[in-house]
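Index from 1, following the sequence.
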Amino acid sequence: MKKFAIKKSWILEIISLSKSDAGGLKEVIASIKGKNIYSSLKYESGVHRVQRVPDTETQGRVHTSAATVAVLPEAEEVDVKIEDKDLRIDVFRSSGPGGQSVNTTDSAVRVTHIPSGIVVSQQDEKSQIRNREKAIKILRSRLYEYERKKIDDQRSQDRKSKIGSGDRSERIRTYNFPQGRVTDHRINLTLHKLEEFMQGEIFDEVIENLNLHAQEQQLENLE
């Protein structure tokens with residue numbers, strides 16, 4: 001992927017990398033920035049199967065391993081917009097310990113964000129206006145976290161749906177190094193150009209075929 005990113009003038013940044021006990025890679029999380037990235041890489045989500053002869057194999061036997069890949073678009077920053085129609089504002093007298101009123105005016109404010117059910121009460125200030133401003137500010141920060149959590153949960157579900165269970169039977173592509181071939185099982189495409197593929201030279205050819213396959217499926221669903 002690094003070589004293909006360079007070929008496309010994309011910027012690839014490794015966010016985190018953890019190694020397995022066996023010395024390989026357990027998980028890699030990377031960020032890729034550039035043009036038309038998601039449209040090019042969205043079909044890479046799934047199980048990738050690798051068939052090779054390890055250096056430690058003395059009898060030339062082919063070993064099979066698998067790696068799961070999830071390609072997700074980066075979530076945009078949450079833009080918190082609070083509409084007046086979504087708010088219910090109640091005013092009441094500030095109370096101290098034991099419920100004792102600390103002033104004679106309805107300066108305390110309770111703001112309820114109806115869509116989310118988030119409630120913020122504020123009574124620190126003697127002014128109702130100031131308490132309302134502070135309550136809205138607190139509400140905005142809580143809504144930000146609320147929306148961020150929804151996005152994170154959605155991305156987590158999206159990731160799980162993209163990588164499946166990780167079982168080899170769910171493979172989308174096989175890389176067979178002894179035979180020098182790469183096979184995409186979704187479109188029954190086999191190319192005996194594995195080295196070129198690993199160099200990023202024929203990746204576009206595979207993506208083009210996957211795009212055509214996706215368009216054909218969409219047309220079939222419309223019938």
Side-chain angles (χ1 to χ4, degrees), residues 1-20 22-54 62-77 151-221:
M1 180 52 65
K2 182 178 180 180
K3 293 178 180 179
F4 185 67
I6 293 174
K7 183 174 179 287
K8 287 288 190 180
S9 298
W10 294 343
I11 300 173
L12 187 148
E13 177 186 1
I14 301 298
I15 304 300
S16 68
L17 185 152
S18 59
K19 295 184 178 180
S20 65
L25 295 176
K26 182 178 180 181
E27 181 183 63
V28 178
I29 299 176
S31 169
I32 304 176
K33 297 180 181 180
K35 294 182 179 180
N36 303 319
I37 293 174
Y38 188 67
S39 60
S40 296
L41 299 182
K42 61 183 178 181
Y43 299 114
E44 296 306 292
S45 294
V47 178
H48 295 246
R49 186 175 67 169
V50 177
Q51 295 175 326
R52 62 190 177 89
V53 179
V62 175
H63 289 225
T64 299
S65 58
T68 55
V69 175
V71 178
L72 302 171
E74 189 171 86
E76 298 293 334
E77 287 296 317
I151 290 174
D152 289 343
D153 290 345
Q154 179 59 47
R155 294 187 75 192
S156 178
Q157 293 174 6
D158 193 21
R159 180 180 183 277
K160 289 178 181 177
S161 69
K162 286 178 180 294
I163 67 175
S165 66
D167 189 271
R168 291 175 186 171
S169 63
E170 298 176 338
R171 66 187 185 277
I172 62 169
R173 190 177 297 139
T174 294
Y175 310 85
N176 187 298
F177 282 85
Q179 297 179 16
R181 62 177 170 82
V182 55
T183 300
D184 196 294
H185 303 284
R186 295 163 294 182
I187 52 178
N188 295 319
L189 175 67
T190 296
L191 299 171
H192 292 274
K193 300 178 180 179
L194 180 57
E195 183 59 33
E196 291 90 333
F197 184 89
M198 300 304 292
Q199 296 296 326
E201 296 175 6
I202 62 168
F203 191 73
D204 284 330
E205 180 181 344
V206 177
I207 295 303
E208 183 179 349
N209 280 278
L210 285 167
N211 272 318
L212 289 173
H213 176 69
Q215 292 172 9
E216 290 173 357
Q217 285 190 319
Q218 290 176 352
L219 290 174
E220 289 177 2
N221 292 334

Heavy-atom nearest pair, G34 first then W10, reads CA-CD1, 3.9 Å

Option from N36, D204, I32 for which side-chain contact (heavy atoms from CB on, under 4.5 Å) with K8 holds: D204

N-O pairing of E201 and K7 below 4.0 Å: no

If we only count heavy atoms from C-beta on, is the N209 to D184 side-chain gap below 4.5 Å? no

Rounded to the nearest 0.5 Å, how far apart are CZ of R52 and NE2 of H63? 8.5 Å

Side-chain heavy-atom pair E13, I15 within 4.5 angstrom cut-off: yes

I want to check something: taking the side chain as every heavy atom from C-beta on, are L25 and K19 in contact at a cut-off of under 4.5 Å? yes

Considering non-hydrogen atoms only, spot the tightest contact between V62 and P178 and give its length. CG2-CG, 3.8 Å

One should read off an interatomic distance between E208 CD and I202 CD1, to the nearest 0.5 angstrom, of 12.5 Å

Under the 3.5 angstrom rule, does the side chain of R186 hit a backbone N or O of Y43 as a donor-acceptor pair? yes

Is R181 close to Q51 at the side-chain level, that is, under 4.5 Å between some pair of heavy atoms? yes

Rounded to the nearest 0.5 Å, how far does CD1 of I187 lie from CG of L210? 4.0 Å

I need the minimum non-hydrogen distance between I207 and S40, along with the two atoms involved. CD1-O, 3.0 Å

Calculate, to the nearest 0.5 Å, the distance between atoms CG and OG belonging to L12 and S31 respectively. 8.0 Å

Drop me the distance from T183's OG1 to Y175's OH, to the nearest 0.5 angstrom. 10.5 Å

With heavy-atom distances below 4.5 Å as the criterion, would you say the side chains of F197 and R173 are in contact? yes

Spacing of E27 atom CD and L17 atom CG [to the nearest 0.5 Å]: 9.0 Å

Counting heavy atoms not belonging to I6, are there more than 12 under 6.0 Å from its CD1? yes

What closest approach, in Å, do I172 and S45 show between heavy atoms, and which atom pair accounts for it? CD1-O, 3.6 Å

Within the 4.5 Å heavy-atom criterion, are F203 and K3 side-chain neighbours or not? no

Are any of the side-chain heavy atoms of L191 and E205 separated by less than 4.5 Å? yes

Any side-chain heavy-atom pair from F177 and V53 closer than 4.5 angstrom? no

